[in-house]
Every structure is written in C-alpha cells, then in structure tokens.
Amino acid sequence: MKITKSFKRSDKQNQRRQKAPPAFIPWRFGVICTCIFLALVALLARSAYIQVLEPGKLIQEGDLRSLRVKALPSARGIISDRNGEQLAVSVPVQAVWADPVQIFKNDGLAQPERWYALADVLGLDRQGLMTRLENNSKRRFIYLQRQVSPAMAAYVSKLKLPGIGLKDESRRFYPAGEVSAHLIGVTGIDSHGLEGVERTYDGWLTGEPGRRTVRKDRYGRVVENISLKKREPGQPLSLSIDQRLQAVAYRAVKQAVADYQATSASVVMVDVRTGEILAMVNAPSYNPNNRDQLKSFRMRNRAITDAMEPGSTIKPFVVLAAMENGVADEDTVIDTGNGLMQIGGSRVRDVSRVGKANLAKILQKSSNIGVSKLSLAMPVDAVLGMYSSVGLGDASGINLIGEAQGFFPDRRRWSDFERATLSFGYGISVTPIQLVRAYATLGAMGVNRPLSILKTESVVPGRQVVSAEKTRKLLDMLELVTHKGGSARRAAVPGYRVGAKTGTAKKAAAGGYSDEYVAMTAGLAPISNPRLAMVVVVNEPQGDAYYGGAIAAPIFSEVMESALQILNIPPDAGTLEELNVVNLRGKTHAGT
C-alpha cells in the first residue's frame with residue numbers, strides 16, 4: 001500500500017513539471033523575415049551601387065592603398081664648349097627623406113644616439129632635427145637633406161633608421177668652376193636654371209622624367225608592374241666659346257682686379273667672321289659648385305648687364321660717319337688749335353696738343369676737338385644713325401637673361417656741346433657686349449650680324465650697314481693707334497697688325513660725375529684680314545694709373561696675343577725676327 005501511494009505521488013509531480021508546447025506566432029515570424037529580407041536587399045543594392053554604378057571610388061580607394069609611383073629622374077643635358085670640352089654635367093646624388101608617421105609608429109626617437117648620428121652626417125643641428133620630426137609627426141613625407149653625396153647616402157642607409165629613406169636625384173657639376181661661371185650660370189636645388197645659359201636654355205636642357213607604376217602588398221612587396229614610362233634625357237648644348245681662351249682671359253682680368261684694386265674687370269672676344277662669342281669673362285667670379293658663394297654681386301655677368309659711357313672707344317665710328325656722309329676723307333686736315341675749344345659756355349680739351357691733323361692722326365692722338373668738329377659738321381642723326389647701325393643701343397643677339405640695353409638718347413633739340421660730347425663717348429651708355437659687336441662690324445667690313453653664344457654650323461647672314469671701302473680705310477687708320485705715338489701702343493701684339501682704341505670715362509653719379517673711372521680698350525686683329533674683335537673693361541681702378549691706355553691696353557695685348565697663337569692665326573706684320581719668334585711660340589703651344 002505504501003509503495004502504490006508513493007508511485008501515484010511521483011506521477012503527479014512529473015505531470016506538473018512538463019512545459020507547455022511552444023506557441024507559433026505568425027506575425028512575429030513575418031516581421032523577422034521581412035527585416036532579414038530588407039537587410040539582404042540593402043546589402044545587394046549597396047554592392048550593386050558600389051560595383052556597378054560607382055566603381056571608380058572603390059578602385060581609387062584600393063589604388064591609394066596599393067599603387068605606388070616611382071619617379072625616374074632624367075639627366076640634364078651636357079653643356080660643352082666649341083671643342084667638346086664639358087662645362088656642365090649632371091652627376092647622380094640622393095635626397096634623404098623622412099616619414100614621421102612611420103618613425104613614431106616604430107618607437108619614435110627611442111634611440112637618440114642613432115638620430116644624432118644622422119644629424120651629424122647631414123650637417124644638421126641635433127636638437128633641431130628631433131624637434132622638426134616631432135612637429136611634423138602627422139606628416140608622411142618631409143625632406144631632411146637634398147643632393148647628398150653617395151658616401152653620405154651609404155652611411156645613412158647603414159643606420160637603418162625606421163621611416164628614413166633615400167630618393168634618387170641629380171646634381172649639376174661645373175668642371176670649369178669660376179672661369180666660365182658667369183656665362184654658364186647655375187641651377188637650383190630642383191635642377192632648373194637660375195642664371196646664364198642654364199636659365200636661358202632651361203627648356204632645351206631639361207629632360208622628361210620617367211615614371212614606374214607598381215602595386216604593392218601591405219608588406220611593401222611588389223606584386224604587379226602596372227606601367228613604365230621611359231625617361232628622356234635633356235638635349236646637349238654646344239656653346240661658341242673656346243675654353244682655352246676663357247682661361248687665358250679670366251687669368252688676365254683676375255690679375256688686373258688684384259693689381260689695380262679695381263671693382264671689376266671684363267673681357268669679351270668675338271669671331272668677326274661668324275659673330276660667335278669666343279670668350280666672355282668677368283672678375284670677381286664665383287665657384288658654382290659651392291652654393292655658399294652664390295651672392296648676387298658675384299653672380300652678375302657684367303659683360304652684358306653693366307652699361308657705361310664708352311669714352312674714346314666710340315671715336316672711330318664718328319670718323320667713319322664723317323667719311324660716309326662726305327664731310328671728310330682720309331686727306332682732310334682739321335685744325336685742333338692749341339688743344340682747347342670753346343663751345344658756348346663750355347670747353348672741349350685735348351690731353352695733348354695735336355695742331356693740324358688728318359683723320360688718321362686725330363684717331364692716333366685721340367683728339368676730342370678733332371672728332372667734335374667732325375660731329376658738328378654733320379647732322380646729329382648722322383652720328384646717332386652710325387652708332388645704331390653698328391649695333392650700339394640694340395640687343396646683341398645672344399639672348400642671355402639680364403642683358404641691358406644701355407642708354408641711347410632721343411631728343412628733339414641738341415646743343416652744340418651735347419653734339420660734341422656725343423662724339424667722344426659721353427651722353428650715351430653701352431654694354432661691353434654691344435661695343436664688341438660694333439667693332440666686329442668694322443672687322444667684317446661693315447657687315448653687322450647678331451652675336452651668338454651657340455656654336456653655329458653656318459655663318460649667320462648679316463646686313464651691310466657701312467661701305468666696305470670706307471671701313472677698310474678706317475681700319476688702316478685704327479692700326480696707327482697701336483704704333484709709336486698712338487694712345488693704344490701698349491695694345492700692340494708682336495708680329496701682328498693690330499688696330500685698337502682706348503677709352504677712359506668718368507662714371508656718372510647723381511647730379512654729374514664721380515671721381516671714379518672706367519678704363520677700356522677695344523680693337524681687332526689681324527688688321528690685314530680681321531679675325532678677332534675684343535673689348536677689355538676695367539671698372540674703378542685705384543691709384544694714379546687709371547687711363548685705358550695704361551691699364552686696359554696691356555690686358556688687351558696679353559689676351560689677344562694668346563688667342564692668335566692658340567687659334568693658329570698666321571702673323572701678318574713685323575720684322576723677320578719677330579715673325580720667327582711668334583711662329584716658334586705657336587708651334588710650341590701646338591705641341592703641348
């Protein structure tokens with residue numbers, strides 16, 4: 001009995017513990033299915049929108065994370081002289097850059113001694129480098145140093161600093177240094193020309209850089225080569241100058257600046273037959289390979305930028321204008337009196353008394369009164385027209401940046417004294433390059449052609465501006481100026497017929513003229529068949545010897561003699577003994 005009751009009690013307890021069967025609620029199931037369906041539709045719609053309607057943005061985001069473009073810098077064109085000697089070349093260097101985000105992601109500047117080593121090799125301040133990295137911690141790229149040498153780049157690479165990389169670059173190197181610095185110019189940190197030929201022909205010299213596009217994975221490994229654009233190197237440039245003549249001329253002007261404590265000195269030499277510039281130098285100069293010397297007063301190419309009153313170097317053109325206009329001929333005699341001529345309230349003086357003289361003697365003695373009387377006998381337009389026709393007051397044609405035009409007066413009325421001073425080089429200003437072009441016109445028998453700084457394959461046709469017959473007579477007169485008794489006798493070259501004219505002009509200042517002078521000598525050689533025209537300018541020489549005949553003429557003689565021998569131009573005058581000496585010098589130079 002007891003057992004039966006206990007079993008009945010257990011069955012009742014089990015029946016109470018059984019759960020009721022779950023109730024199915026249709027509307028709740030429908031809501032859940034609808035939400036799932038809508039979410040699926042939204043995902044499909046978004047996928048379709050991204051991949052079908054607007055795939056570009058997704059591709060762009062992917063490319064930003066995987067595509068890398070590496071620039072392949074091209075070499076800048078080589079600049080060489082007319083004989084192929086290299087004057088400017090590009091050498092491979094590298095730039096050191098930093099990724100501050102990567103640096104601080106890898107414990108930042110935890111090992112300062114390694115970062116100090118980096119600063120030391122790059123020549124940077126230690127603390128300055130650390131501060132700069134901290135201030136740019138959010139940036140992905142900054143330059144630390146540009147154009148470092150291969151040895152420095154190798155040292156930086158061995159440091160194995162996180163976030164520090166190297167980038168290929170090129171740097172311009174100038175083998176000629178300061179000798180041709182003003183003419184060649186210099187490039188900036190990005191290899192674009194800043195001065196001289198480098199700037200004028202920057203588009204020609206600059207190549208087209210290449211570009212390589214690759215795809216990288218998250219570890220920086222290249223997984224796909226996308227494209228490769230080949231680099232195109234810059235075009236080479238062959239200049240008209242002869243580096244041998246450049247070296248000779250620069251040595252002479254540098255010594256002149258030191259000897260006479262002058263502010264500057266310049267020499268320009270031109271091939272009369274072609275108009276090519278064979279030499280163009282200035283002192284003081286600068287070393288374009290040392291950026292610490294890139295100062296504006298040193299970098300100025302004074303041969304094309306500095307205008308001056310030409311002084312007595314202009315007198316041959318007054319004599320030529322007189323012959324061209326029928327005012328005088330080689331037999332005309334002019335009375336210069338006692339060396340003093342009154343014109344209105346002013347006076348014109350000669351350095352020495354010349355008396356009665358023909359045109360040749362007026363040039364030989366550099367008579368101010370003689371050329372003043374010739375100028376007063378002509379319309380002022382005749383004199384100005386002659387100056388203009390030989391190239392004074394015009395661009396020379398070399399197209400270098402910074403060339404000055406000088407000052408060429410244009411007035412309605414001229415006083416007699418102004419017309420007189422115009423004949424001996426006052427009242428106008430020209431640059432050395434313009435003056436040498438004028439003398440090159442004389443050497444070409446009256447043919448005026450533009451000058452060129454590039455080597456020419458064929459002679460540039462010129463324009464006949466003066467009678468060849470009258471010009472020949474003037475050249476014979478000009479030769480007498482370098483003979484005994486002439487004002488340019490120190491410009492003579494043994495064994496050669498040389499024609500030259502010296503000039504000394506006071507420098508203009510506010511309200512008049514200063515006590516400083518410019519000494520000049522301009523001329524041609526050999527006179528029998530002119531080949532070279534040259535101008536020498538010494539600016540503000542100190543001391544008692546400031547005349548062109550005393551300072552500039554010896555430089556002219558020295559440089560012209562070397563140039564004639566280097567170019568193997570045969571002697572055309574002098575005694576047999578002098579000719580033998582000159583020929584021997586030429587053979588010795590050719591042998592070396």
Side-chain angles (χ1 to χ4, degrees), residues 81 87 174 176-185 195-196 239 241-270 277-288 293 295 297-308 310-311 313 398 400 430-436 439 453 488 490-491 493 498 500 502-505 507 516-523 525 532-543 545-566:
D81 78 342
L87 303 177
Y174 303 94
E178 61 184 18
V179 174
S180 300
H182 291 111
L183 180 62
I184 304 302
E195 295 286 343
L239 302 185
I241 66 169
D242 190 322
Q243 188 60 23
R244 300 171 298 174
L245 304 185
Q246 281 280 110
V248 169
Y250 179 70
R251 183 173 63 246
V253 296
K254 186 176 182 180
Q255 189 63 47
V257 169
D259 291 343
Y260 302 112
Q261 299 180 356
T263 301
S264 64
S266 303
V267 168
V268 186
M269 184 185 298
V270 171
I277 304 291
L278 298 179
M280 180 188 292
V281 297
N282 303 274
S285 186
Y286 66 98
N287 184 358
Q293 292 191 11
K295 310 296 183 183
F297 75 96
R298 285 181 172 272
M299 297 175 67
R300 191 164 79 242
N301 187 354
R302 297 174 183 270
I304 66 173
T305 63
D306 288 14
M308 68 207 172
T313 59
I398 61 175
L400 289 183
V430 299
T431 59
I433 193 73
Q434 290 174 340
L435 188 59
V436 78
Y439 273 78
I453 201 61
R490 297 185 67 179
V493 176
V498 177
T502 61
T504 308
K507 296 197 69 173
E516 300 291 347
Y517 291 85
V518 178
M520 297 158 281
T521 296
L532 301 177
M534 188 168 71
V535 167
V536 178
V537 178
V538 180
N539 184 28
E540 298 181 359
Q542 304 301 309
Y546 55 82
Y547 290 103
I551 294 179
I555 302 173
F556 180 96
S557 175
E558 176 188 349
V559 177
M560 182 63 79
E561 181 179 8
S562 297
L564 292 169
Q565 293 171 6
I566 289 172

Engineer: Identify the heavy atoms of S266 and A303 that sit nearest to each other, and give their distance.
Structural biologist: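 Heavy atoms of S266 and A303 come nearest at OG-N, 4.2 Å.
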Engineer: Can you tell me if Y286 uses its side chain to pair, donor with acceptor, with the backbone of A181 under 3.5 Å?
Structural biologist: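 Checking the backbone N and O of A181 against the side chain of Y286, a donor-acceptor pair under 3.5 Å is found.
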Engineer: Output, in order, the C-alpha distance, side-chain angles, deciding distance and verdict of side-chain contact (heavy atoms from CB on, under 4.5 Å) for L239 and I184.
Structural biologist: CA-CA 9 Å; L239 302 185; I184 304 302; 3.4 Å; yes
Engineer: Quick check: are there more than 12 heavy atoms from other residues, nucleotides or ligands sitting under 6.0 Å from OH of Y547?
Structural biologist: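 Check fails, neighbour count at 12 or below.
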Engineer: Tell me whether H182 contacts the main-chain N or O of R298 through its side chain, where contact means a donor paired with an acceptor under 3.5 Å.
Structural biologist: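 Yes, H182 side chain to R298 backbone: donor-acceptor pair under 3.5 Å.
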Engineer: Output yes when R244 and D81 qualify as a salt bridge under the 4.0 Å nitrogen-oxygen rule, no when they do not.
Structural biologist: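 No salt bridge links R244 with D81.
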Engineer: Mind listing the closest non-hydrogen atom pair of P432 and V537 along with its distance?
Structural biologist: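 It is CG-CG2, 4.0 Å.
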Engineer: Using a 4.5 Å cut-off on heavy atoms from C-beta on, say whether the side chain of V270 contacts that of I277.
Structural biologist: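 Heavy-atom side-chain distance check passes, below 4.5 Å.
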Engineer: Parallel under 30°, tilted from 30 to 60°, perpendicular over 60°: which one fits the rings of Y546 and Y517?
Structural biologist: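 Geometry flag for Y517 against Y546: parallel rings.
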Engineer: Out of curiosity, E540 CD to E516 CD, how far, rounded to the nearest 0.5 Å?
Structural biologist: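 One finds 4.5 Å between CD of E540 and CD of E516.
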Engineer: Measure the spacing between CD1 of I398 and CG of N301 and express it to the nearest 0.5 Å.
Structural biologist: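 Taking CD1 in I398 and CG in N301, the distance rounds to 7.0 Å.
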Engineer: Which atom pair, heavy atoms only, marks the closest approach of L87 to A176?
Structural biologist: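 Looking at all heavy atoms of both residues, the shortest contact is CD2-CB, 4.1 Å.
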Engineer: Taking C-beta and beyond as the side chain, do L245 and V559 meet within less than 4.5 Å on heavy atoms?
Structural biologist: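 Result no, sub-4.5 Å side-chain heavy-atom pair not found.
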Engineer: Output the distance between atom CE (M520) and atom CD1 (I551), rounded to the nearest 0.5 Å.
Structural biologist: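 So the gap between those two atoms works out to 11.5 Å.
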Engineer: Are side-chain heavy atoms of I241 and S180 found at a separation under 4.5 Å?
Structural biologist: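 The answer is yes; the side chains approach within 4.5 Å.
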Engineer: Between T313 and G503, which heavy-atom pair has the shortest distance, and what is it?
Structural biologist: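 So the two residues come closest at CG2-N, 3.8 Å.
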Engineer: What pair of heavy atoms forms the shortest contact from A550 to R490, and how long is it?
Structural biologist: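 Reported closest heavy-atom pair: O-NH1, 3.4 Å.
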Engineer: Could you go step by step and tell me if D242 and M269 meet the side-chain contact (heavy atoms from CB on, under 4.5 Å) rule?
Structural biologist: CA-CA 10 Å; D242 190 322; M269 184 185 298; over 6 Å; no
Engineer: Considering non-hydrogen atoms only, spot the tightest contact between L532 and A563 and give its length.
Structural biologist: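 Reported closest heavy-atom pair: CD1-CB, 3.8 Å.
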Engineer: Assess the residue pair N282 and V253 against the criterion (side-chain contact (heavy atoms from CB on, under 4.5 Å)); give the C-alpha distance rounded to whole Å, side-chain angles, the decisive distance to 0.1 Å, and a yes or no.
Structural biologist: CA-CA 7 Å; N282 303 274; V253 296; over 6 Å; no
Engineer: Under 4.5 Å between any side-chain heavy atoms of V281 and K254, yes or no?
Structural biologist: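 No; the side chains remain at least 4.5 Å from each other.
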Engineer: For M280, does its backbone N or O pair with a side-chain atom of Q246 as donor and acceptor, under 3.5 Å?
Structural biologist: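 Yes; at least one donor-acceptor contact below 3.5 Å.
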Engineer: Nearest 0.5 Å, please: how far is CD1 in I304 from CG in L183?
Structural biologist: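 Nearest 0.5 Å value for the CG-CD1 distance: 8.5 Å.
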Engineer: Can you check whether M534 reaches L278 side chain to side chain, under 4.5 Å on heavy atoms?
Structural biologist: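 The answer is no; the side chains never approach within 4.5 Å.
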Engineer: Is there a donor-acceptor pair under 3.5 Å between the side chain of T504 and the backbone N or O of G548?
Structural biologist: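 Judged by distance alone, yes, a pair lies under 3.5 Å.
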Engineer: Under 6.0 Å from the CD atom of Q542, do we count more than 12 heavy atoms belonging to anything else shown?
Structural biologist: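 Atom CD in Q542 is packed in, count exceeds 12.
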Engineer: Could you tell me if the side chain of T305 sits less than 4.5 Å from the side chain of T431, heavy atoms only?
Structural biologist: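 Side-chain contact under 4.5 Å: no.
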Engineer: To the closest 0.5 Å, what do you measure between OG1 (T263) and CZ (R302)?
Structural biologist: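 The OG1 atom of T263 sits 7.0 Å away from the CZ atom of R302.
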Engineer: Examine distances only and state if a side-chain atom of S557 and a backbone atom of A553 form a donor-acceptor pair shorter than 3.5 Å.
Structural biologist: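 Answer holds: no.
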